[in-house]
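Presented below is the structure to which this report refers.
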Amino acid sequence: MEKVAIIGSGCAGWTAALYSARANLKPLVLSGAQPGGLLTTTTIVENYPGFPEGIDGYELITRFQKQAERFGARVKFGQVESADLCREPFLLTVDGETIQAETIIIASGASHRHLGLQSENKLENKGVTYCATCDGALPIFRNQPLVVVGGGDSACEEALYLTRFGSVVHLVHRRDQLRASKIMAERTLSHDKIKPVWNSVVTEVLDVHQDKVTGVRVKNLKTDVEQVLDSAGLFVAIGHIPNTQIFCGAIDMDEMGYIIPKHGTATNVPGVFVAGDCADHVYRQAVTAAGTGCAAAMDAERYLAARNE
Ligand SMILES: Cc1cc2nc3c(=O)[nH]c(=O)nc-3n(C[C@H](O)[C@H](O)[C@H](O)COP(=O)(O)OP(=O)(O)OC[C@H]3O[C@@H](n4cnc5c(N)ncnc54)[C@H](O)[C@@H]3O)c2cc1C
């Protein structure tokens, strides 16, 4: 029987593990298909406090893990396939094996939507990125033309943020008006550095042969005419998919699948807590995920203490 089982091994999961290990709860971290989470996919992290020179994403999350393991956290590699939260202890199935747990911290993150282009895939982290806050200030994007694809609030926020760095920001959207809230759309479209490219989709990211982004080919869906926008970066902002499908029906979520905590990090099921990007469609940063991981561990510890009183 586990006192604390943590689903996910990203910033939120390992921080929850660190705090619950230090509370002597010997947490078990279930890694999922992406051990280390999203940070392992990025090279340089420049906004995690404490690393003035920046730090490689993989190196940073490896340090999270080592620190938690030092205090007794354990890891099991594997994907949680199902969760029975209707009974206590809770039952998790990991690669066919059943794990019983008194408390669970869900830290399963959110995957970003891809455009689905081969060139996008090949140039990821070489100018193609999914987070302007994370990457926008990198030297390769400074004073360069940039492209954002998307039409919602996130795309507008990304475009506005990038106006601080890029010389011009093309905003490519498949319709002839933004989906974003009215105020955000107006702020975006009135910015003199932002140039909307309406009714258009990205068909190719250039240039795979040079191993860096030099431009973006877009096609107008109404005229079928293609054009190449010179660009040093493609910022894809077409949404995220929270990794919460296995909790559908048991845990309260919004219409997009983000878990809605009831109070603090507690969910609607007593003993089940949530941390990180699977409950956050606003901030989505390593430091915020780590912060809620800490909070979830403290909430789980207090829940266990109250039960044993
Ligand atoms: C390219 C890129 C660059 C970024 N750069 C920065 C940056 O510079 N600074 C910054 O602050 N943020 C950055 N971010 C954002 C940051 O990585 C995320 O906000 C952070 O990783 C969220 O942490 P998390 O623990 O909530 O989720 P994740 O890191 O996504 O981890 C989720 C974990 O859950 C596991 N999981 C999922 N489903 C299951 C399951 N069924 N069973 C078991 N485990 C499961 C996964 O395997 C994974 O280990 C970047 C993101 C990307 C994609």
Side-chain angles (χ1 to χ4, degrees), residues 38 41-47 54 56-57 111-180 184-240 284-285:
L38 282 183
T41 65
T42 187
T43 44
I44 186 85
V45 178
E46 292 190 311
N47 53 8
D56 176 83
S111 313
H112 43 246
R113 284 184 204 274
H114 291 241
L115 296 170
L117 302 170
Q118 255 186 19
S119 52
E120 170 198 17
N121 197 17
K122 289 194 170 143
L123 293 173
E124 184 167 346
N125 287 328
K126 295 171 180 169
V128 174
T129 148
Y130 300 84
C131 176
T133 318
C134 311
D135 298 331
L138 293 176
I140 53 165
F141 300 129
R142 299 235 171 192
N143 301 315
Q144 300 293 323
L146 303 172
V147 172
V148 173
V149 57
D153 279 327
S154 296
C156 290
E157 267 176 36
E158 305 261 296
L160 285 164
Y161 183 75
L162 290 171
T163 57
R164 300 175 198 189
F165 311 107
S167 55
V168 58
V169 179
H170 299 285
L171 180 58
V172 176
H173 185 41
R174 52 168 51 247
R175 304 187 207 292
D176 60 4
Q177 57 182 17
L178 296 174
R179 271 188 303 107
M184 187 58 101
E186 277 172 10
R187 202 178 297 158
T188 305
L189 296 176
S190 62
H191 198 291
D192 57 4
K193 273 195 183 177
I194 297 178
K195 311 284 176 215
V197 183
W198 300 120
N199 300 312
S200 298
V201 292
V202 173
T203 53
E204 187 184 1
V205 192
L206 306 169
D207 182 358
V208 169
H209 298 295
Q210 292 188 54
D211 209 25
K212 64 174 186 181
V213 174
T214 59
V216 174
R217 191 187 303 281
V218 296
K219 182 167 111 177
N220 186 302
L221 293 171
K222 292 222 156 136
T223 61
D224 276 350
V225 173
E226 289 200 333
Q227 62 169 322
V228 171
L229 304 168
D230 287 340
S231 180
L234 173 65
F235 292 78
V236 181
I238 55 172
H240 289 76
R284 294 197 202 102
Q285 294 296 292

Heavy-atom closest pair (W198 atom, S200 atom, distance to 0.1 Å) is O-OG, 2.7 Å

Only distances under 3.5 Å count here; give the side-chain donor-acceptor pairs of residues 132-141 to other protein atoms, sequence neighbours excluded, each with its distance to 0.1 Å.
from, atom 1, to, atom 2, distance (Å)
D135, OD2, T129, OG1, 2.7

With sequence neighbours left out, the residues meeting side chain to side chain donor-acceptor pair (under 3.5 Å) with E186 are K182

Sorted by chain and residue number, the side chain to side chain donor-acceptor pair (under 3.5 Å) partners of D192 (sequence neighbours excluded) come out as none

Sorted by chain and residue number, the side-chain contact (heavy atoms from CB on, under 4.5 Å) partners of S190 (sequence neighbours excluded) come out as none

L171 side chain near L178 side chain, heavy-atom distance below 4.5 Å:
yes

Return a table of donor-acceptor pairs under 3.5 angstrom between the side chains of residues 113-120 and protein atoms on other chains or two or more places apart.
from, atom 1, to, atom 2, distance (Å)
H114, ND1, Y130, OH, 3.2
H114, NE2, H112, NE2, 3.4
S119, OG, V205, N, 2.9
E120, OE1, L115, N, 3.1
E120, OE1, G116, N, 2.8
E120, OE1, L117, N, 3.1
E120, OE2, L115, N, 2.9
E120, OE2, Y130, OH, 2.7

Applying side-chain contact (heavy atoms from CB on, under 4.5 Å) to D176 and not counting sequence neighbours gives N199, K222

In this structure, CZ of R174 is separated from NZ of K219 (nearest 0.5 Å) by 10.5 Å

T214 meets the side-chain contact (heavy atoms from CB on, under 4.5 Å) criterion, sequence neighbours left out, with L206, D207, Q210, K212

Sorted by chain and number, sequence neighbours left out, side-chain contact (heavy atoms from CB on, under 4.5 Å) with T163 holds for V169, H191, K193, I194

Taking every heavy atom of D230 against every heavy atom of P145, the minimum-distance pair comes out as O-CB, 3.3 Å

Contacts of R175 meeting side chain to side chain donor-acceptor pair (under 3.5 Å) (sequence neighbours excluded), chain-then-number -> none

Sorted by chain and residue number, the side chain to side chain donor-acceptor pair (under 3.5 Å) partners of K195 (sequence neighbours excluded) come out as none

dist L234:CG -> L146:CG (nearest 0.5 Å) comes out at 9.5 Å

In terms of heavy-atom contacts, S231 and G233 come closest through OG-O, 2.6 Å

Between the OG1 atom in T41 and the CG atom in N125, the distance rounded to the nearest 0.5 Å is 6.0 Å

Side-chain heavy atoms of V213 within contact of V147, under 4.5 Å: no

One should read off an interatomic distance between H170 NE2 and L162 CG, to the nearest 0.5 angstrom, of 12.5 Å

So the salt bridge (charged side-chain N to carboxylate O under 4.0 Å, His left out) pairs with at least one residue in residues 150-163 (sequence neighbours excluded) are none

On a heavy-atom basis, the closest approach of A155 and G150 is CB-C, 3.4 Å

Quick one: does V208's side chain get under 4.5 Å of L123's, heavy atoms only?
yes

Rounded to the nearest 0.5 angstrom, the OH-SG distance for Y161 and C131 is 8.5 Å

Quick note, side chain to side chain donor-acceptor pair (under 3.5 Å) partners involving residues 140-152, not counting sequence neighbours, are none

Closest non-hydrogen contact found for C156 with M184 is CB-CG, 3.4 Å

